[in-house]
Amino acid sequence: MSEPIVQIRNLTLALPRGADRPHAVEDLSLDLMPGKILCVVGESGSGKSMSAYALTGLLPRALRVAGGEIRFEGRDLLRLDERTWRDLRGRRIAMIFQEPMTALNPVMRIGDQIAEMFEAHDLLTPKERRARAVALAGEVGLPNPEQIVRSYPHQLSGGQRQRAMIAMALALEPAVLVADEPTTALDVTTQAQILTLIRDLQTRRNMAVLFITHDFGVVADIADHVAVLQRGRLVESGPAEAVLRRPQAAYTKALLAAVPSLTPPERAPITEAPVALTVTGLAKTYATGGGLFGKPRVVAAVKEVGFDLRRGETLGLVGESGSGKSTTARLAIRLIEPDHGTVRLGSLDFTALGPTALRDERRRIQMIFQDPFASLNPRRTVEQIIAGGPIAHGTPARQARARARELLALVGLPQTAAERYPNAFSGGQRQRIGIARALAMEPDVLVADEAVSALDVSVQAQVLALLEDLKARLGIAMLFITHDLRVAAAICDRIAVMHRGTIVETNRTAALFRAPEHPYTRSLLAAVPGASFTESA
Amino acid sequence: GKANDTLVYASDSEPENLSPYHNSLREGVILSRNVWDTLLYRDPKTGQQQPMLATAWTWVDPLTLDLTIRDGVTFHNGDPLTPEDVAFTFNYVLTPEAKIVTKSNVDWMKSTEVTGPHSVRIHLKAPFPAALDYLAGPTPILPAAYFKKVGLDGFSKAPVGTGPYRIVSTASGKGVKMARNDAYWPGSPIGKAKIGKLEFRVIPDGDSRMAELMTGGVDWIWRVPTDQADQLKRDPTLTVLSAETMRVGFLQFDVQGRAQENSPLKDVRVRQAIAYAIDRKAMVDNLVRGGSRVMNALCFIEQFGCTDEGVPVYSYDPAKARALLKEAGYANGIDLDLAAYRERDYAEAVIGYLRAVGIRVRLNYLRFAAFRDAVRGGKVSIAYQTWGSYSIDDVSAFTPVFFGGGDDDVTRDPTVIAELKAGDTSIDPALRKAKYAEALKRIAAQAYALPMFSYPSNYAFTADLSFTAQADEIPRFYAASWK
Amino acid sequence: MLGFALRRILVAISVALTVSVASFMLLHLSGDLATAIAGPEATSEQIAAIRVQHGLDQPLVVQFGSWAWHALHFDFGRSFYFPEPVTDLLASRMPVTLTLGIIALAVALLVAIPLGVLAAFYRDTWIDRTALAVSVLGQAMPSFWFGLTLIMIFSVNLRWLPVSGNASWKNFVLPAVALGYYAMPAVMRLTRNGMLEVLSSDYVRTARAKGLAPRKVLIRHGLRNAVIPVIALAAVQFGFMLGGSIVIEAVFSLQGLGQLAWESIARNDFPVVQAIVLVLAMIYIALTLAADLLNALLDPRLRA
Amino acid sequence: MTVRPASPPLGTPAPAETVLPETVLPPSRSPAAIALRRGLSHGGFLIGAGLVGLIVLVALAAPLVAPHDPYAQDVSRRLIPPIWHAKGTAEHWLGTDKLGRDYLSRLIYGSQISLLIGVSAALISGVIGTTLGVLAGYYGGRVDAVVSYVVTTRLALPVVLVALAMASLVGGSLKVVVLVLGFLLWDRFAVVTRAATRQVRAQDFVAAAKASGFGAGRILGQEILPNILNALIVVATLEMAHAILLEAALSFLGLGVQPPLPSWGLMIAEGKPYMFFQPWVITIPGIALVVLVLGINLLGDGVRDITAPEGRT
Ligand SMILES: Nc1ncnc2c1ncn2[C@@H]1O[C@H](COP(=O)(O)OP(=O)(O)OP(=O)(O)O)[C@@H](O)[C@H]1O
Ligand SMILES: Nc1ncnc2c1ncn2[C@@H]1O[C@H](COP(=O)(O)OP(=O)(O)OP(=O)(O)O)[C@@H](O)[C@H]1O
Ligand SMILES: [Mg+2]
Ligand SMILES: [Mg+2]
């Protein structure tokens, strides 16, 4: 066995005063092997990014190294001066980031940004740099390299941007690549491509990779070694096989248990219950920009979408980013008006209602939103938020407030929460408040748009269980929108797959996973990371 | 400055047009006197007419004046002065197309004709005793050939005259540069200019003018407020001249009560109360100074026909003012408005005094045009007027303007109108004096208006400069010299 | 890009049209112009004559039409006061105001941008706090008072610089400082905030991760992005400065557009006032247009 | 956006039936309480609030604190220098003006005028601008295009010049100044509230309110306005300062409020002829203006800082 190329020893990073804990990372020791991928996993805030920044000398000003050392090529990185760091960065240790859009300078051409890598280290002539940039672009699989190096970041798709980032990072053939959640912002299919790319390049160049992720699927697909972080402490580390199959620490076990399985449980078909929601021929085209004189940009977000939903049933709507899922949801609850098509609640034609009638009938279909921070008005107390809707519909205030407290209990929050403002709650708790708000209206249909996407797996599992339980007990019909097939498998009775504004396939969940019919569905399923891992788990 | 033989003088306004007939500003008059000559010259000391561009003149009859035009005078562009120039000038300015702005200066003439190689004849519309005064003042002679060639627009950009200075350059908003006319004709009563270059700079702001003078940016300024003049006197590098002028300030009351309903000003006791309430003496002594005097009759006391003998005097007596107000039924005070257009602090001081006896006054400070319109339109309760009588030494230039039944007469007292009319049209000096005295007495007794005081004028200039001011407020730079 | 430019130009033109209507209405609806022009001595016949002479007896629409038609040919009529076409008058005064505005803008930018960059770079240090104090003071100081104070110190007491006029570059120093200081705080704050935002952005982190020298990071990735909004602001500020120079020109007796405007207001010289309002508005519109186009040039995302 | 739970609960989902183990909620404060707490440790805010508070107090208590009648003149006691001057007297701490009026008393009463103008101009323009901005931001589309157009047009008009021209035509007075400024300074309100409204409107809680059947009025009142209020306060302070400075400038040019009202701008204008020999007549009101405007600006900056949303920077 070869020597580790990077040795992190007893690293402690101090947080500024007033933070929720004293150290971002405490007493962390890790080894990075040449030609191997080390995955660092852990929930949000566990200190993954900060460890990566310490390794590249890019720690935010607020953080301070409180102890330990990072040995690389015989030097302690934590004791380097800025000049030496600069020499090392990019050349020996390169980095790629989560958000490919914001990590690229929006006003600089892709090629120039790649070529800058050489410039930073005074290598090659400007002409050679450009040529190398084109070659690198080709190497990372960017189409039409000659041309694409002359475009700006906003002209590329997310996956292409991430490829450009990788080209940049690989330009100087670094010994170590640090990747901080490089695929989190991407669609599953793109994610799969990028993971393959990183894997390929890593083996070809015999690089050591520190790969940060919170997705165990990704870990299973890519990792040679795994390190699990919890609140800044290392709870477990070892070869990927060992950690995933035989987790030792309770925390690791819990995390693994919370990962939804890709094999959906058999669910009894719901055929008896009355139909709660019928959507037929729904279409929406967006026209944006243009101002007073300009020609607007036209996007056909949803074309001819139709489905129905029974009481007590959950219909999953899955698909890639931009496929029109959210638009469908917003059309269904009439936050936006369809170009054509109808939405029926039971026998009521929801799309035909006039403004006043619409305000009255809105309570029958409610929504849970993705972002638990943006979906609660920061200026109102939890009680006001939950009771506001019923009061607007004429429920006496006292009664509405009492009901709000009951609902808090129902979603598992203490009574004391009622008087507080949303800023006092964590993401998962906020999502519960959002659910309580929707339930306060006593709706027939609940639309959940990526309701768990922003949550860590453990929290995600709790919220999913809560939704499942509520649906069963209250007999609510649920339209559950997600891009995560694992989540869909866990909760949906049936799944509709959306692609470019249309539903390409609808089937019972188990059947769909077992025998996908549409090629697009198949490619989606194939791209889900860690398929092997959970199937056998 | 003396060092570069350039006298820089500054004033606030820019004449709209450098052609002397096409502006009505003091600054224009100053330029006119330095750049153009007139047919006759009026000696400021003796008041006598002397030959200038005309060497001799005779009245053929009261409607016909013959003049002999001087030989050997050339314009700044080299053209010789001929009788044609004289005839052209006067005939041109009389045409409506000339659109001159100071019509009253020339419209006593009917026409002018050339009667010989050295003579012209002026035909009058009606007998006009002051004709020679006008030929010695606001009627400069323009170069006919040049004017015809360039037209008024061209002329106003590059004016040409025969005077002691010639205009070198002009720039809109900046001023005018002049140089001594070295070819100035010998034998002129005003003589060759002594200072080589003259520069007029427009500096609208009085304090900037003062700062410029103090820092040597300009050499001569005027219209310096008395407070500042006093301060400037302490500066050994500067000379300050102060003198009273013919301008008199007065409060004109809305006697007819047009400005507000049930105007208290209809009551003579209220007007008298106002007169008693204001300490004009204190204002003269502390605020105005510089040789100003309290006026009691509504005219400048030195003017012919102006007298304060027998005219009631309202000396400062706030107790009496309050008593009068009470008597008139205004024990709780009254609310009025006062309009003014210059010397805002004088108006403010007046308001302060009135306030002390319970008359609450709102100041409405306006531009002159707006002020005049408002007063004439009967929208002003008290107008703070000032009047300079066009520098004319006769009461007919003052009192009848405001009490003779004209546009500016807001009182319209038939008795006063009749008395003033009698004074204006009579040729008997004694009768005139008597009539005017009666009118002035009545105005004061009825307190139609309250005369305030005469206004001083202050000049300040570098101590290197030898300069004498004249009562007519026309600085003659051609006569100035370096010490 | 072309489409974007055309669209912006179209908007600019229609705004200009609206502004011209506004500036026309402003004066024509707020008083009887004929009386104002005729002046104090005028009789009612004279006023009537003037009304006819200046076409003020026509319906407002006709008046506007003919005014706008002429204005389109840079003919704003003749001044009621000076015997000159308004256009000539403006042409002779414009250079002073433009010179003042440009110097003042240069002063403002040359101080504000480096100061903003420094303040952002040395955030929360004394440098940052000093910069902040300088800008807060600039915002709070009435520019005319600041101008007077400058005159008092530098002209009258120290005698370093002239008080008034526009004879040489020296005359522009104090007014430009007074006017520039008025525009500086906004630019400085925007630069500082933009810089702070950019410095904490992901792409600056990327640039640092490349091992790029700090100076290059600061200038190529930082300033270039931070300066984009500053350009728009500078254009706006320049427009405001031209409008605001009225006060400074009054204080320093600079014979520019502002002074002309002020005097023309006092002289009821409405064609001049109207033309100045319009010209200043046009300059502002042209500047913001230029800034927009420049921004689009600098920021490819805007070229949609 | 990633989410950080306060205490990451462990793996196995809790049975939904039972109430989750009582999570320890962090101490909760209302947004206003948080702002107040932050404000008390924000230097600029404290200084600003102190200065403005002091001036407001002085303005309110003017009749009590002013040693003399601000209009009472005595032309025999003109231009007395302030007390620190060799010729100063204790009777007039800040000396007297050109008509012998007590300068300190005029300064004190002048604060009323500046505040009155600042507040009322900001109110008028605030109402106009906020209405336009909120409508444009909330409804977007054509309404937005029209409002943006109106704002651009307004911005193109030079404020000082237009204000002067209008004041000159109508005649300057306190009322005219307030109205002219009020009707000219709404642009920033419109711009800022438009942006803020758009931002708030895009948040899901507005969608949630809509889905709950709230009408436009309730949404604007309960969801939008409270969330743009801090931006509004910041602009209001800026515009107050702006209006006060503009009033001073207009009065300085002779077309603002009319004497004998002791407006600070007017005091500077009236003192200007004396500035070379009695410099205090312009420095004193000038400093008063600077202090007031500085205070308002600091207060505004402070409000922006202390109401900024929490988050890591
Ligand atoms: N600039 C900063 N200033 C102060 N605290 C910070 C800063 N950046 C991160 N932290 C804190 O450091 C801790 C670790 O953060 P880190 O970003 O490493 O988490 P992470 O595991 O990468 O989370 P995520 O999955 O959300 O990216 C957290 O408590 C966070 O609040
Ligand atoms: N308000 C809008 N105006 C213009 N275009 C929009 C708007 N909302 C969405 N779109 C466009 O419509 C298409 C569908 O968007 P939608 O949000 O429905 O997708 P999605 O499936 O929910 O994607 P994601 O998984 O990223 O949430 C996209 O191309 C998007 O850019
Ligand atoms: Mg992270
Ligand atoms: Mg979506």
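Excluded from the calculations below are hydrogen atoms, water molecules and symmetry mates; all remaining heavy atoms, backbone and side chain alike, are included. Everything numeric in this text was worked out from a predicted model, so none of it was measured. Just so we're on the same page: letters track the sequence lines, and every chain starts at 1.
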Nearest 0.5 Å, what's the CG-CZ distance between A:Asp371 and D:Phe205? 11.0 Å
For the student: nearest non-hydrogen atoms of A:Gly389 and D:Ser212, plus distance: CA-CB, 4.0 Å
In terms of heavy-atom proximity below 4.5 Å to chain D, should A:Arg334 be classed as side chain, backbone, both, or neither? neither
Nearest atoms (heavy-atom pairs only) where A:Pro378 meets D:Asn227: CG-OD1, 3.3 Å
Quick check on D:Gln199: does its CD atom have over 12 non-hydrogen neighbours (other residues, nucleotides or ligands) under 6.0 Å away? no
Option in A:Glu99, A:Arg437, A:Arg430 with maximal non-hydrogen atom pairs under 4.5 Å from chain D: A:Arg437
Proximity breakdown for A:Arg61 and chain D, heavy-atom pairs closer than 4.5 Å: neither
How long is the straight-line distance from CD1 of A:Ile385 back to CD of D:Glu223, given to the nearest 0.5 Å? 8.0 Å
Tell me, with the steps shown, if A:Arg379 and D:Leu225 meet side chain to side chain contact (heavy atoms under 4.5 Å, CB included). CA-CA 10 Å; A:Arg379 302 274 154 184; D:Leu225 264 184; over 6 Å; no
Could you report the tightest heavy-atom contact between A:Asn377 and D:Gln222, atom names first, then the distance? ND2-O, 3.3 Å
Segment of A:Leu335 engaging chain D (4.5 angstrom heavy-atom cut-off): both
Checking A:Met367 against chain D: side chain, backbone, both or neither under 4.5 Å from a heavy atom? neither
For the residue pair D:Ala207 and A:Arg330, what are the closest heavy atoms and their distance? CB-NH1, 4.2 Å
Any idea which of A:Met441, A:Arg363, A:Gln366 has the most non-hydrogen atom pairs under 4.5 angstrom with chain D? A:Gln366
